[in-house]
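This report refers to the structure that appears directly beneath it.
Bear in mind that the values here come from a model prediction, so they are computed numbers and not experimental data. Counting begins at 1 with the first residue of the sequence. Note: hydrogens, waters and symmetry copies are ignored here, and every other heavy atom, side chains too, is used.
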Amino acid sequence: MNTPRLIKIGDALSQLANVTLLPRHRETTANESISGRAHRCGWRVERFIDWLFSPWERDHCRRAHEKDIERAREWVKMHRKR
């Protein structure tokens, strides 16, 4: 994937915070972002997160969830070829 390093760092920090700081860590994976989890779980904070990212991206949490799924599919695809 041709993702800029700064975006990858942001994703990694979000994933780390998701599994270390948020409750019910067993309901998520180490590869899910806070935004993606907020969308998947239907958390009310999703509206706030979307508002924070609104200058750069519309429907941020939904898109983050879709990116989390896409990233998982790419990982599986890459490792099935071995």
**Asked** Between S14 and G10, is there a donor-acceptor pair closer than 3.5 Å when you use the side chain of the first and the backbone of the second?
**Response**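 A pair under 3.5 Å: no.
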
**Asked** Do side-chain atoms of Q15 reach the backbone of N31 as a donor and acceptor pair under 3.5 angstrom?
**Response**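 Yes, because the side chain of Q15 sits within donor-acceptor range (under 3.5 Å) of the backbone of N31.
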
Return the minimal non-hydrogen interatomic distance between [X] and [Y], and the atom names on each side.
X: V45; Y: A38; value: CG1-CB, 4.3 Å
X: C61; Y: I49; value: SG-CG2, 3.5 Å
X: S35; Y: H60; value: OG-NE2, 3.0 Å

**Asked** Can you tell me if CG on L21 sees more than 12 non-hydrogen neighbours from other groups inside 6.0 Å?
**Response**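 Buried by this count: over 12 neighbours within 6.0 Å.
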
**Pairs flagged by salt bridge (charged side-chain N to carboxylate O under 4.0 Å, His left out) wherever residues 11-28 is involved - sequence neighbours left out** =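 Every pair satisfying salt bridge (charged side-chain N to carboxylate O under 4.0 Å, His left out) with a residue in residues 11-28: D11-R71, R24-E27.
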
**Pairs involving residues 57-66, ordered by first then second residue, that meet salt bridge (charged side-chain N to carboxylate O under 4.0 Å, His left out) (sequence neighbours left out)** =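 Applying salt bridge (charged side-chain N to carboxylate O under 4.0 Å, His left out) to every pair that reaches into residues 57-66, excluding sequence neighbours, yields E57-K67, D59-R62, R62-E66.
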
**Asked** Remaining members of I9's ILVMFWY cluster at a side-chain heavy-atom cut-off under 4.5 Å?
**Response**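 Answer for I9: L13.
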
**Prompt:** With sequence neighbours left out, what residues match W51 under ring-ring contact (aromatic ring centres under 6.0 Å, His included)?
**Reply:**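 W51 satisfies ring-ring contact (aromatic ring centres under 6.0 Å, His included) with F48 once adjacent residues are dropped.
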
**Asked** Which residues satisfy the ring-ring contact (aromatic ring centres under 6.0 Å, His included) test with W75, sequence neighbours excluded?
**Response** H79

**Asked** About how many Å separate CZ of R40 and CZ of R37, when rounded to the nearest 0.5 Å?
**Response** 6.5 Å

**Item:** Separation of L22 CG from I34 CD1 (nearest 0.5 Å)
**Value:**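 Between I34 CD1 and L22 CG, I get 5.0 Å after rounding to 0.5 Å.
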
**Prompt:** Can you name the side chain to side chain donor-acceptor pair (under 3.5 Å) partners of T28, sequence neighbours left out?
**Reply:** N18, E32

**Asked** Considering residues at least two apart in sequence or located in another chain, which fulfil the side chain to side chain contact (heavy atoms under 4.5 Å, CB included) criterion with A72?
**Response**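 A72: no side chain to side chain contact (heavy atoms under 4.5 Å, CB included) contacts found.
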
**Sequence neighbours excluded, every pair satisfying ring pair (Phe, Tyr, Trp, His ring centres under 6.0 Å) that has a member inside residues 24-44** =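 Pairs touching residues 24-44 that pass the test: H39-H65.
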
